[in-house]
Each structure stands twice: as structure tokens, then as C-alpha cells.
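Ligands are counted one by one from 1 in listed order, and the atoms in each one are counted from 1 as well. Residue numbers run from 1 in the order of the sequence given.
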Amino acid sequence: MKTVLTLILCAVSTAGLTQTLPDAVTDDLYAPVDLAEAELGQLLFYDAILSGNRTVSCASCHHPDFATADGVSLSIGDGGIGLGPDRRVDPDNPPEERIPRNAPALFNLGAKEFTVMFHDGRLEADPSHPSGLRSPMDADMATGFASVLSAQTMFPVLSRDEMAGSFRENDVALAVRQGRIGGQGGAWDLLSRRVADVPDYAARFRAVYPHIDGPDDIGFTDISNALAVFMAWEWRSDTSPFDAHLRGAPLTGPARDGMELFYGPAGCSVCHSGPFQTDHRFHAMGVPQIGPGKSATFEDHHRDEGRFRVTGNSADLYAFRTPSLRNVAKTGPWGHAGAHTDLTQFVRDHLDPVASLARYDRSQVIWPAFEAADFAVLDDPEEIGAIAQAVRHTPVRLNDTEIASIVAFLNSLTDPAALTGRLGIPAAVPSGLPLP
Ligand code: HEC
Ligand code: HEC
């Protein structure tokens with residue numbers, strides 16, 4: 001039996017592959033996890049206490065029912081009601097501005113190789129900085145994070161349209177508006193005091209962190225460290241059929257054909273490389289831009305120039321981070337602005353980005369609050385020209401059967417255990433606020 005299996009394996013690993021397959025994922029790729037810390041983070045992740053108006057939790061946009069994202073093109077945070085594609089703008093409290101990018105999935109972010117966050121990588125590990133990080137906050141950034149993932153968590157709570165809400169409505173948003181972020185009375189401190197005032201949280205923080213003797217010692221870095229450990233533990237994903245294959249089981253049928261294309265002539269693994277199908281780098285792939293775009297307060301446009309906004313380097317125009325493809329069949333809509341709602345169509349368009357920009361079908365967008373202006377970029381030949389010009393990817397021609405095989409391979413990256421999560425959704429959270 002053993003010999004037969006080895007023979008099959010040899011056939012799989014040599015036929016058609018011009019790039020080698022990644023090694024199987026092992027425990028040492030991940031930082032160790034303290035389970036009590038993860039359990040504390042689980043409660044915080046689902047608790048709307050971290051939002052200014054106590055209405056939005058991390059899970060409002062990163063929910064296990066939607067593969068740790070939210071199932072819509074562009075998220076609605078503060079000012080929204082409901083979950084996933086049913087989420088609607090609250091007519092009595094509409095958001096002041098909309099969120100410009102698609103909520104990414106959170107799989108494997110506890111793996112040590114994930115040191116760059118966000119679609120444009122604006123948060124990055126950098127040992128040469130005093131805080132160990134490069135971020136939009138720079139000098140104002142707090143220190144004491146256990147990981148980049150923990151530092152990431154400091155941002156959504158400050159964003160008016162994600163979690164903070166309007167300065168007219170609550171103390172946290174007012175502090176943000178007045179530029180009071182760190183330090184006593186700053187936005188992070190106000191949120192920490194809220195959490196510390198809940199006796200169940202105070203007791204749990206004391207039990208988990210040796211440096212915490214009483215509620216006054218709870219800082220936002222403790223909150224964010226717990227959240228990070230929870231995400232790392234909950235959504236580690238390395239038990240998909242593809243992982244089983246890397247550990248010795250055969251992958252058969254179209255998924256195997258697709259794998260051979262992916263790691264061979266289709267060239268996908270040039271960028272989607274390594275154990276998690278990402279090089280963690282930035283590439284302009286001409287993915288359609290919909291929604292409000294990313295602009296500064298004084299600007300008036302709907303563009304999102306991606307990595308260029310971080311580096312100012314024209315080689316980075318319209319470049320976005322290569323996403324990991326773990327569970328990708330479940331994480332739609334796809335693309336940094338969620339413009340695609342069909343995975344096969346995404347792959348077809350991705351093979352020839354420039355040609356596909358012109359034929360993009362906008363009727364597919366899933367976002368309840370869409371406005372005509374959200375297609376401003378796609379309606380402007382100059383804007384489309386600029387996105388197309390940035391693309392350096394040579395078109396790859398595949399037939400429909402080959403595209404279907406690639407999609408079958410992408411489905412072999414679906415990992416039911418990770419989609420369910422290890423701790424799951426808590427029955428209730430210590431603040432007593434409703435779950436999303
Ligand atoms: C209103 C929706 C919304 C809420 C609420 C929200 N997020 Fe996000 N999250 C997003 C969007 C959109 C992005 C991508 C932003 C970008 O790249 O510019 C993101 C990015 C992230 C990332 C980066 C992932 C990566 O691979 O780059 C992490 C981690 C994350 N969120 C965790 C959290 C945590 C923890 C919370 C709660 C404290 C939270 N989010 C609350 C929408 C949301
Ligand atoms: C030159 C680098 C590069 C190559 C080659 C490449 N990709 Fe991508 N891929 C990216 C980048 C960058 C993105 C994100 C683009 C964006 O959102 O603007 C992406 C996005 C994706 C997504 C959407 C993921 C999500 O969560 O939204 C899928 C699926 C995907 N690629 C599959 C493939 C497949 C299959 C191939 C081979 C046929 C391939 N890619 C080839 C760089 C590449």
C-alpha cells in the first residue's frame with residue numbers, strides 16, 4: 001500500500017509543474033497561542049463595546065458565517081443594521097462616509113510570515129522603528145504590541161465609519177476628532193476604561209496578564225494583544241484538501257489539473273506563492289475600482305491608488321497586496337473593492353486584466369447602499385486608462401475547461417475546520433450588548 005501511495009505522489013509532483021509546490025504547513029510557522037488569552041480575545045472580538053456607539057463589533061465585518069468577511073462588496077460599519085448581505089444603512093443614523101475597500105478574510109494571520117497588513121500594506125513590521133512598526137500613526141503609535149496583527153487592531157476602533165461613529169454621538173469619536181488618540185483620556189484609553197468597568201472583563205484580564213493587578217492597569221495594547229491571539233488561534237487554516245495533499249494524500253480530478261496549471265503554465269504561483277499563496281508583495285492587477293475610493297479630506301475623486309498612497313513611488317500606482325487564497329472560494333466578493341461576485345469570472349478577468357476592465361459587468365455588485373457616483377472611475381476613460389497603464393502582467397490564455405480546473409483547485413483550499421473556527425461564536429459577551 002505504501003509503495004502505491006509513493007508512486008501516485010511522484011506522479012502528482014512531477015507532471016506539469018514548473019514551480020515546486022510549497023512545503024506542508026507546520027506548527028513552527030505560527031507563533032504559540034495561550035488559550036486563555038484567545039478566549040478573552042474571542043469575547044472582545046464579538047463585543048460591540050469597542051465601538052463608539054456600542055453598535056459594531058469586529059465580527060460585524062469579519063463574521064464566520066461569511067468566511068471571516070462580510071459577504072458584501074464594501075462594508076457598512078457604524079450606521080448599519082443587520083449582518084452580511086442583509087446589512088442595511090440605518091435611515092435614522094446613516095454613515096457620514098462609506099468604507100472604500102472590501103473587508104478581507106482573516107485566515108492564518110497568526111503565521112509569522114504575515115508582517116504586512118491591509119490591502120495597501122500601510123501597516124508593516126519594521127524593526128528599525130522604535131515601535132517595531134511602520135504605520136500611518138508613526139510617532140503617535142503606542143508600543144507594547146505582541147505582533148503586527150495586534151497593532152492592526154488599534155485602527156478599526158479609531159475609524160469613524162468602521163467603529164468610532166460621529167464625534168457628535170460619543171466620547172471616543174470626539175477624542176479621535178480632537179486628535180486625542182494615545183495617552184490618558186485618549187480614544188484608546190476611553191475604550192479601555194469601558195472594558196475595565198465590566199467586572200467579568202476585569203477579572204479575565206487579571207487572570208490572563210501577569211502585569212495587570214486591577215482594572216486601572218488594562219491598556220488598549222492588552223485588548224489588542226488578546227484580539228490578535230484570538231484571530232490567530234481561531235482562523236488558522238491548514239487542513240484543506242490541498243494541505244492533505246501536501247501531507248501525502250492524492251489530489252484528483254479537475255482540482256489536480258488546476259493545481260498543475262496554478263503552479264505551472266498559468267503562472268499564478270509567481271505571486272500567489274508560499275504556504276499561504278501570497279508573496280506579501282504589491283502588484284497592479286487592474287482589478288476594477290468601485291465605491292468611494294481612497295482620498296484625503298481635501299481631495300475630490302473616487303480613485304484608489306493602492307500602494308502608491310503609502311510609498312509615493314509611481315511604480316506602486318494601483319498596486320495592491322497579493323491576498324492569501326486560503327478559503328478564497330468562500331470569501332467573496334473578490335478584489336480590493338469587492339467588484340467581483342463570481343469567482344470564475346474573477347479568475348477569467350485576472351488572466352487578462354486590461355482587456356477585462358473594458359468588459360466589466362457592474363450589475364454584479366453586492367452593496368445595498370450603492371450610489372451612481374460609485375462607478376465614477378469606471379465611467380471615466382482617463383481613470384480606466386491610468387489603471388490599465390499600471391498593469392505589467394502579461395495576459396495568460398486559458399480555455400474554459402482550464403479556468404474551471406483552476407477554480408476547482410481554489411475550492412481545494414477550502415478548510416471546513418477553519419471556517420467553523422475553534423472557539424466559535426460566544427453565546428453572550430460580558431458587556432451584555434447584543435451579538436452581531
Ligand atoms: C466596518 C467594517 C469593519 C469592522 C467593524 C472591522 N473591520 Fe477589519 N477590516 C475592514 C476592512 C474594509 C479592511 C481592509 C482595509 C484596508 O485594507 O484598507 C479590514 C482589515 C482588517 C485586517 C487586516 C487583514 C489583512 O490581511 O490585511 C484585520 C486583521 C482586521 N481588519 C481585523 C479587525 C478587528 C480585530 C476588528 C475589530 C477591532 C475589525 N477588523 C473591525 C472592515 C472592518
Ligand atoms: C502578478 C501577480 C499575480 C499573478 C500572476 C496572479 N495574481 Fe491573483 N492577485 C494578485 C493581486 C495583487 C491580487 C489583488 C488585486 C486587487 O484586489 O486589486 C490578486 C487577487 C486574486 C484573487 C482574489 C482574492 C480575493 O480575496 O479577493 C484570486 C482568486 C486570485 N488572485 C487568483 C489568481 C489565480 C488563479 C492566478 C493565476 C491564474 C493569479 N491569481 C495570478 C496578484 C497576482
Side-chain angles (χ1 to χ4, degrees), residues 41 44-45 47-48 50-51 56-62 68-70 74-80 87 95 99-109 114 116-123 148-157 159 161-163 191 223-224 227-228 230-231 258 261-262 265-273 277-289 294 304 306-307 318-329 331-340 343 346-348 350-351 353 387 391-394 396 398 402-403 406-407 409-410 413 436:
L44 292 162
F45 191 89
D47 200 332
L50 295 181
S51 66
V56 181
S57 71
C58 306
S60 302
C61 301
H62 300 285
T68 70
D70 55 2
L74 300 168
S75 316
I76 306 174
D78 181 77
R87 196 161 169 82
I99 294 170
R101 291 183 180 152
N102 180 253
L106 305 179
F107 297 105
N108 292 313
L109 296 181
F114 285 81
V116 179
M117 296 277 140
F118 294 120
H119 290 292
D120 54 12
R122 64 187 181 278
L123 177 67
V148 180
L149 183 56
S150 168
Q152 190 285 332
T153 294
M154 311 289 281
F155 294 92
V157 297
S159 157
D161 305 301
E162 288 190 3
M163 296 180 80
L191 287 169
I223 293 174
S224 67
L227 281 164
F230 165 67
M231 291 185 273
L261 286 164
F262 190 98
C268 312
S269 62
V270 170
C271 304
H272 295 283
S273 57
Q277 289 72 46
T278 169
D279 58 0
H280 301 284
R281 300 176 68 106
F282 304 87
H283 307 275
M285 290 300 284
V287 171
Q289 180 59 48
K294 209 61 185 162
D304 186 341
R307 183 66 176 162
Y318 304 103
F320 292 88
R321 193 174 124 223
T322 309
S324 167
L325 299 181
R326 293 311 183 126
N327 300 299
V328 70
T331 62
W334 296 273
H336 66 268
H340 280 83
L343 186 56
F346 182 92
V347 172
R348 183 172 283 127
H350 202 45
L351 290 165
I387 295 175
V391 176
R392 275 172 289 277
H393 182 63
T394 322
V396 178
L398 298 182
E402 290 167 325
I403 292 175
I406 291 211
V407 172
F409 169 65
L410 295 178
L413 296 168

In terms of residue, atom name and distance, what is the protein heavy atom nearest to atom 13 (C) of ligand 2? P323 CD, 3.3 Å

Less than 4.5 Å apart, any side-chain heavy atom of F230 and any of L44? no

Does any N or O of ligand 1 fall below 3.5 Å from an N or O anywhere on L227, backbone included? no

Of V391, L343, I406, the residue with the heavy atom nearest atom 29 (C) of ligand 2 is L343

Could you tell me if R307 sits above the aromatic ring of F282, with its cationic atom closer than 6.0 Å to the ring centre and no more than 45 degrees from the axis? yes

When you measure from atom 17 (O) of ligand 1 to every protein heavy atom, which one gives the shortest distance, and what is it? H119 N, 2.8 Å

So, do D279 and C271 sit near enough that their side-chain heavy atoms are less than 4.5 Å apart? yes

Should the pair D304-R101 be classified as a salt bridge under the 4.0 Å nitrogen-to-oxygen rule? yes

Of the choices M163, R101, M231, which has the non-hydrogen atom that lies closest to atom 35 (C) of ligand 1? M231

Check this for me - ligand 1, R122, N or O atoms closer than 3.5 angstrom, yes or no? yes

So for Q152 against ligand 1, with non-hydrogen atoms under 4.0 Å, the contacting part is side chain

Report yes or no: does R326 contribute a side-chain atom to a donor-acceptor pair with the main-chain N or O of A105 at less than 3.5 Å? no

Got V157 and L191 here, is their nearest side-chain heavy-atom distance under 4.5 Å? yes

So which atom in A69 and which in A103 form the shortest heavy-atom distance, rounded to 0.1 Å? CB-O, 3.5 Å

Is it true that a side-chain atom of H283 and a backbone atom of A319 form a donor plus acceptor pair closer than 3.5 Å? no

Sidechain-backbone polar pair: W334 side chain, V347 backbone, donor-acceptor under 3.5 Å: no

Report the member of F262, Y318, W334, F409 with the shortest heavy-atom distance to atom 25 (C) of ligand 2. W334

Is C268 close enough to atom 8 (Fe) of ligand 2 to have an N, O or S atom under 2.8 Å? no

Classify the contact between L109 and ligand 1 as side chain, backbone, both or neither, using a heavy-atom distance cut-off of under 4.0 Å. side chain

What is the name of the N/O/S atom of H62 that is nearest to atom 8 (Fe) of ligand 1? NE2

For atom 24 (C) of ligand 1, grab the closest protein heavy atom and report residue, atom and distance to one decimal in Å. P104 CG, 3.8 Å

Side-chain donor/acceptor of T278 to backbone N/O of P323, under 3.5 Å: no

I need the contact type for I99 against ligand 1. Using non-hydrogen atoms and a strict under-4.0 Å cut-off, is it side chain, backbone, both or neither? side chain

For atom 26 (O) of ligand 1, find the nearest protein heavy atom and state the residue, atom name and distance (0.1 Å precision). R321 NH2, 3.1 Å

Atom indices of ligand 1 within 4.0 angstrom of V56 heavy atoms, with elements: 5 (C)

So the atoms of ligand 1 within less than 4.0 Å of a heavy atom of S75 turn out to be 2 (C)

Donor-acceptor under 3.5 Å (H119 side chain, N102 main chain): yes

Can you name the atoms of ligand 2, numbered from 1 with element, that are less than 4.0 Å from a heavy atom of L351? 38 (C)

Sub-3.5 Å N/O-N/O distance, G335 and ligand 2: yes

Ranked by distance from atom 37 (C) of ligand 1, the top protein heavy atom is C58 SG, 1.8 Å

Check each atom of ligand 2 against the heavy atoms of G267 and keep those under 4.0 Å away; list them by number with element. 5 (C)

Y318 and Q289, any side-chain heavy atoms less than 4.5 Å apart: no

Residue, atom and distance of the protein heavy atom nearest atom 1 (C) of ligand 1 read C61 SG, 2.6 Å

Using side-chain heavy atoms (C-beta onward) and a distance below 4.5 Å, is I403 in contact with L261? no

Under 4.0 Å, heavy atoms only, figure out whether ligand 1 is touched by the backbone of L106, its side chain, both or neither. side chain

For atom 15 (C) of ligand 2, the closest protein heavy atom turns out to be V287 CG2, 3.6 Å

Closest protein heavy atom to atom 12 (C) of ligand 2, given as residue, atom name and distance to 0.1 Å: F320 O, 3.3 Å

Contact check: S57 vs ligand 1, nitrogen or oxygen atoms, below 3.5 angstrom: no

Please confirm whether the backbone N or O of P436 pairs with a side-chain atom of S60, one donor and one acceptor, at under 3.5 Å? no

Which heavy atom of the protein is the closest neighbour of atom 41 (C) of ligand 1, given with residue, atom name and distance? P156 CB, 3.6 Å

Verify the distance test for C271 against atom 8 (Fe) of ligand 2: any N/O/S atom under 2.8 Å, yes or no. no

Per-residue contact class, L261 against ligand 2 - non-hydrogen pairs under 4.0 Å: neither

Between L398 and I406, does the side chain to side chain contact (heavy atoms under 4.5 Å, CB included) criterion hold? Intermediate values first, please. CA-CA 10 Å; L398 298 182; I406 291 211; 3.8 Å; yes

Side-chain contact test, heavy atoms from C-beta onward, threshold under 4.5 Å: evaluate it for R321 versus D120 and give yes or no. no

Does any donor atom in the side chain of S57 or D47 lie under 3.5 Å from an acceptor atom in the other side chain? no

Is there a side-chain contact between H336 and V287, using heavy atoms and a 4.5 Å cut-off? yes

Just heavy atoms, cut-off under 4.0 Å: does L50 contact ligand 1 by side chain, backbone, both, or neither? neither

Is it true that a side-chain atom of S159 and a backbone atom of P156 form a donor plus acceptor pair closer than 3.5 Å? no

Residue portion contacting ligand 2 (non-hydrogen atoms closer than 4.0 Å) for V270: neither

If we only count N/O pairs under 3.5 Å, is H336 in contact with ligand 2? yes

Indicate, as side chain, backbone, both or neither, the part of F346 found under 4.0 angstrom from ligand 2 when only non-hydrogen atoms are considered. side chain

Is there any N or O on T153 that sits under 3.5 Å from an N or O of ligand 1? no

Below 3.5 angstrom, do we get any N/O pair linking S60 and ligand 1? no

Can you tell me if V396 has a non-hydrogen atom under 4.0 Å from ligand 2? no

The option among H350, H340, M285 carrying the non-hydrogen atom nearest to atom 19 (C) of ligand 2 is H350

Find out whether H280 and T322 are in side-chain contact, i.e. whether some heavy atom of one side chain is under 4.5 Å from a heavy atom of the other. no

